[in-house]
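Take a look at the structure below.
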Amino acid sequence: MIATVSDIIKKAIKECQQNGAIKTEELPDIIIEKPKRDDFGDFATNIAMLLSSKEGKQPRQIAELLAKEIRQSENIKKVDVAGPGFINIFMGDNYWLNLLKEIYHLKGKYGASDIGAGKKVQVEFVSANPTGPLHIGHGRGAAVGDTLANILKAAGFEVTKEYYINDVGKQVEILGRSLYLRYLELLGKKVEFPDDHYKGAYIKDIARDIVTKFGNKYDKTNEDSLPFFTNFAAESIMKLIKKDLADFGIEFDNWYSEKSLFDKGLVLQTIDELKKREIIYEKDGATWFRTSDFGDDKDRVLIKADGEKTYFASDIAYHREKINRGFSMLINIWGADHHGYEGRIRGFLKALGYDDSSLKIIFIQLVALLRNGIPVPMGKREGEFVTLREVMDEIGKDACRFFFLTRKSDAQLEFDLELAKKQAPENPVFYVQYAHARICSIIKHAREKGLHLPKLVPAGSPTRTFGDKFKQGTEDVNIKLLSLKEEFDIIKKLASFPDIVKGSALAMEPHRITFYLQELAAMFHPYYNKNRVVTEDMQLTNARLYLCEAVRTVIKNGLNLLGISAPEEM
RNA sequence: GCGCCUGUAGCUCAGUGGAUAGAGCAUCAGCCUCCGGAGCUGAGGGUCGGAGGUUCAAAUCCUCUCAGGCGCGCCA
């Protein structure tokens with residue numbers, strides 16, 4: 001939409017340059033905004049103000065010259081010069097009405113674009129350690145990552161969603177030992193369960209599994225069987241996590257194992273590469289990477305004095321792999337408590353000579369669960385944390401995903417479970433989904449009165465096939481009967497959807513879609529309440545059904561991006 | 001102490017350098033012979049944490065400052 005307006009303005013500038021009215025050749029970026037006030041037009045540009053100093057003319061004077069040219073373009077109702085030198089553009093009615101046809105034709109594709117130009121992007125998210133079930137914080141990262149991936153796809157990027165599994169290291173070993181001890185316990189042995197081991201009930205469940213499957217086969221007093229328990233535990237928990245994610249509507253394209261980096265020798269290879277560049281040194285028996293030469297606060301250990309590699313060592317190998325796999329943009333979604341880690345990973349990329357601006361890290365701030373406004377206690381001990389599963393079971397996947405996206409990622413989120421469950425307009429999920437269901441109901445009602453939606457199929461539409469029994473085409477729907485201000489306001493809102501999707505993709509801010517849908521629903525409900533769609537006036541009814549259908553399409557497309565269902569009945 | 005994030009209406013939050021800063025909730029006052037009242041209408045409510053600066057223009061950019069959260073491991 002804005003692209004079209006931008007073309008009109010560019011054309012006007014060109015005209016002015018040709019006839020000598022404007023001399024500047026190097027033009028600033030054309031910024032088009034949608035003014036807050038209706039009387040400032042549908043679109044406004046500040047280009048005249050930006051050209052003012054170069055041209056040596058008053059902004060308003062330049063604006064007048066441009067306005068004169070813009071008025072010559074098609075579908076322009078009015079062009080004003082206002083304030084310090086804004087050019088306010090009012091589009092003609094046909095411009096907006098034609099948009100309804102566009103939506104009708106594009107259906108599920110309305111909102112999509114190709115600004116991503118097929119660039120390969122990787123979104124890595126969740127990547128929770130396989131040491132326990134996903135908690136509510138992981139859920140927020142999951143919702144943001146998955147939605148962002150959807151939005152980027154809609155904007156024409158080629159997206160790979162990936163989960164990095166930390167399946168080696170101390171934590172997984174402790175996990176294996178925890179399972180081993182629970183297993184022995186089940187077999188009636190007296191064990192001492194260390195305080196730093198995993199105490200969650202899920203470990204006992206897994207131990208019970210082993211007893212059922214293998215009996216006392218691994219009942220040894222020594223620890224030879226520990227690797228078995230480690231693997232069994234990690235695999236069992238990954239299964240749980242995968243199930244949680246699947247039920248949350250998320251499918252990853254790739255599960256990348258940290259262990260595989262070691263197996264393929266990539267960790268040592270990466271360290272060798274740093275060695276060759278002589279940015280590695282030995283100190284106190286450990287091997288250090290001179291990240292502080294590349295913007296990090298201090299140097300970091302890659303190989304500990306005991307010979308073990310650090311997590312950082314395998315992580316740089318992983319990031320090197322990502323780049324080698326040909327992604328032109330890497331998006332990492334991390335919990336905010338990992339932000340201290342950013343410097344060293346950027347340091348690594350810079351050390352290898354990569355442009356670290358191709359790495360974008362989105363930090364997800366904390367989620368505070370509330371119940372009727374009162375905080376739900378979330379201690380970290382003894383599995384007191386609330387799992388994603390529990391919340392999903394209580395309020396449903398849709399509400400859960402939506403609520404995670406009602407704030408920008410870098411703001412803390414208050415998540416009220418009771419509000420999320422409410423079937424009332426103060427619950428934003430409900431409010432948006434209800435708009436969709438309501439439109440479906442209106443269409444159904446119209447059908448019962450003999451007005452069929454297929455009648456809305458415009459003549460020549462690709463959905464029409466030979467033998468189509470619906471003889472009437474778009475000309476039967478006289479959309480010019482849509483004349484109310486509310487109707488145009490809604491159409492204009494629908495018109496901005498593709499720009500919202502693009503902006504959301506480029507800024508990597510999925511919450512913009514959530515806000516947009518709430519705003520759209522907030523325009524539709526009052527319109528419905530004030531104006532009857534299905535009346536005795538067939539022509540008007542058809543036109544309004546056509547508008548409703550467009551609203552429905554956009555709500556549905558938006559909800560699809562969020563991974564939330566668009567119910568026809570509620 | 002250093003670094004990152006946050007600070008906007010009573011509360012929760014939008015607001016990619018633009019014109020008179022917005023929404024929801026809450027509060028108050030209203031609306032159901034009618035396509036889904038599971039909804040709608042209206043009102044009040046603001047030193048954009050504070051102080052400087054940059055410019056035609058700052059909630060937005062820069063510096064300083066105050067408050068809250070998080071991080072500063074040979075943990076992951």
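Numbers restart at 1 for each chain; the letters A, B, ... are given by sequence-line order, proteins then strands. What you are looking at is a predicted structure, and each value in this text was computed from that prediction instead of being measured.
Rounded to a whole Å, the NZ atom of A/Lys493 is 14 Å from the P atom of B/G22. Whole-Å rounding puts the A/His511 NE2 to B/G15 P distance at 4 Å. Rounded to an integer number of Å, the gap from NE2 of A/His339 to P of B/C70 is 11 Å. Across the protein-nucleic acid pair, A/Ile362 atom CD1 and B/C5 atom P stand 14 Å apart, rounded to whole Å. Look at CG on A/Asp297: it is 15 Å from C1' on B/C70, rounded to the nearest Å. Atom CG of A/Asp410 and atom P of B/U16 are 12 Å apart (whole Å). Note: CZ (A/Phe86) to P (B/C56) measures 14 Å, nearest angstrom. Computed from coordinates, the A/Tyr281 OH to B/C74 P distance equals 11 Å when rounded to whole Å.
Nearest nucleotide to the side chain of A/Ile442, out of B/G37, B/C35, B/C74: B/C35. Proximity note for A/Lys304 (side chain, C-beta onward) versus B/C74, B/G15, B/G69: the nearest is B/C74. Listed nucleotides B/G39, B/C74, B/A76 differ in distance to A/Arg344; the shortest reach to its side chain belongs to B/A76. If you check B/C35, B/A38, B/A19 against the side chain of A/Lys36, the one that comes closest is B/A19. Listed nucleotides B/A76, B/C74, B/U20 differ in distance to A/Ala305; the shortest reach to its side chain belongs to B/C74. Comparing B/A19, B/C35, B/G39 against the side chain of A/Glu33 picks out B/A19 as the nearest. Checking B/U41, B/G39, B/A76 against the side-chain heavy atoms of A/Tyr341 singles out B/A76 as nearest. Listed nucleotides B/C70, B/G18, B/A14 differ in distance to A/Ala411; the shortest reach to its side chain belongs to B/A14.
Base engagement by A/Asn46 is indicated by at least one non-hydrogen atom pair under 4.0 Å involving a base atom. Using a 4.0 Å heavy-atom cutoff across all strands shown, A/Glu342 reaches no nucleic acid atom at all. Contacts of A/Asn531 with the nucleic acid, taken as non-hydrogen atoms under 4.0 Å apart, include base atoms. Counting any heavy atom pair closer than 4.0 Å across all strands shown, A/Gln423 reaches a base atom. Among the protein residues, A/Arg512 comes within range of no part of the nucleic acid, since none of its heavy atoms lies under 4.0 Å from any strand. Contact annotation for A/Ala522: no contact, since no heavy-atom pair falls under 4.0 Å across all strands. As judged by a 4.0 angstrom heavy-atom cut-off over every strand, A/Asn88 is placed among the base-contacting residues. Within 4.0 Å (heavy atoms only), A/Phe40 reaches at least one base atom of the nucleic acid. At a threshold of 4.0 angstrom between heavy atoms, the contacts of A/Ala507 with the nucleic acid are absent. If you check every strand for non-hydrogen atoms under 4.0 Å, A/Phe430 touches a base.
An OP1 or OP2 oxygen of B/G15 is reached within less than 4.0 angstrom by a side-chain nitrogen or oxygen of A/Lys408. OP1 and OP2 of B/G3 both lie 4.0 Å or more from every side-chain N or O belonging to A/Lys298. For B/U6, the OP1/OP2 oxygens have no side-chain nitrogen or oxygen of A/Arg407 closer than 4.0 Å.
On the P atoms, B/G3 is 49 Å away from B/G42, given to the nearest whole Å. Of the P atoms belonging to B/G45 and B/A23, the separation is 14 Å, rounded to the nearest Å. Comparing B/G73 with B/A51, their C1' atoms sit 39 Å apart, to the nearest whole Å. B/C70 and B/C13 have their P atoms separated by 16 Å, given to the nearest Å. Of the P atoms belonging to B/G50 and B/U8, the separation is 10 Å, rounded to the nearest Å. For B/G24 and B/U41, the P atoms lie 9 Å apart once the distance is rounded to whole Å. Spacing between B/C72 and B/A76 at atom P, rounded to whole Å, works out to 13 Å. Nucleotides B/C48 and B/A67, compared at atom C1', are 16 Å apart to the nearest Å.
Across all strands shown, B/A19 remains unpaired; no Watson-Crick or G-U wobble contact has both distances below 3.5 Å. Shown here, B/G24 forms a base pair with B/C11; the pair counts as Watson-Crick or G-U wobble because both key distances fall under 3.5 Å. Remark: B/A29 base-pairs with B/U41; criterion is Watson-Crick or G-U wobble with both hydrogen-bond distances under 3.5 Å. Base-pair partner of B/C35: not found among the strands shown (Watson-Crick or G-U wobble, both distances under 3.5 Å). Across all strands shown, B/A57 has no partner, as no Watson-Crick or G-U wobble contact with both distances under 3.5 Å is found. Base-pair partner of B/C2: B/G71 (Watson-Crick or G-U wobble, both distances under 3.5 Å). Pair assignment for B/A51 gives B/U63, based on Watson-Crick or G-U wobble hydrogen-bonding distances that are each under 3.5 Å.
Between A/Tyr281 and A/Trp288, the ring planes are parallel. Angles under 30° get that label, and only those over 60° would be called perpendicular.
Centre separation under 5.5 Å together with a plane angle under 30° does not hold for the ring of A/Tyr434 and the six-membered base ring of B/G39, so they are not marked as stacked. B/C35 has A/Tyr528 stacked on its base ring, the centres lying under 5.5 angstrom apart and the planes within 30 degrees of parallel.
Electrostatic pairing of A/Glu124 and A/Lys322 counts as a salt bridge here, judged by a charged N lying under 4.0 Å from a carboxylate O.
Here the side chain of A/Arg552 pairs no donor or acceptor atom with the backbone of A/His436 at under 3.5 angstrom.
Proximity of A/Cys548 to A/Tyr528: side-chain heavy atoms (C-beta onward) are nowhere separated by under 4.5 Å. Residues A/Ile32 and A/Ile9 are in side-chain contact: their nearest non-hydrogen atoms beyond the backbone lie under 4.5 Å apart. The shortest side-chain heavy-atom distance between A/Ile89 and A/Asp42 does not fall under the 4.5 Å cut-off.
What you find for A/Val172 and A/Asn166 is that their closest heavy atoms are CG2-O, 3.3 Å.
With the nearest nucleotide of RNA chain B identified for both A/Leu366 and A/Tyr431, A/Tyr431 has the one nearer the 5' end. Sequence order on RNA chain B of the closest nucleotides to A/Gln171 and A/Ile87 puts A/Ile87 first from the 5' end.
The ring of A/Tyr163 has its center no closer than 6.0 angstrom to the ring center of A/Tyr256. Ring centroids of A/Tyr164 and A/Tyr318 are separated by less than 6.0 Å, placing the two rings close together.
Syn is the classification of B/C32, since its glycosidic angle stays within 90° of 0.
With hydrogens and angles left out, the side chain of A/Asp167 and the base of B/A76 share no donor-acceptor pair within 3.5 Å.
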Run the numbers on A/Phe312 and A/Phe348 for ring-ring contact (aromatic ring centres under 6.0 Å, His included), then give the verdict. CA-CA 10 Å; A/Phe312 180 50; A/Phe348 167 73; 7.3 Å; no
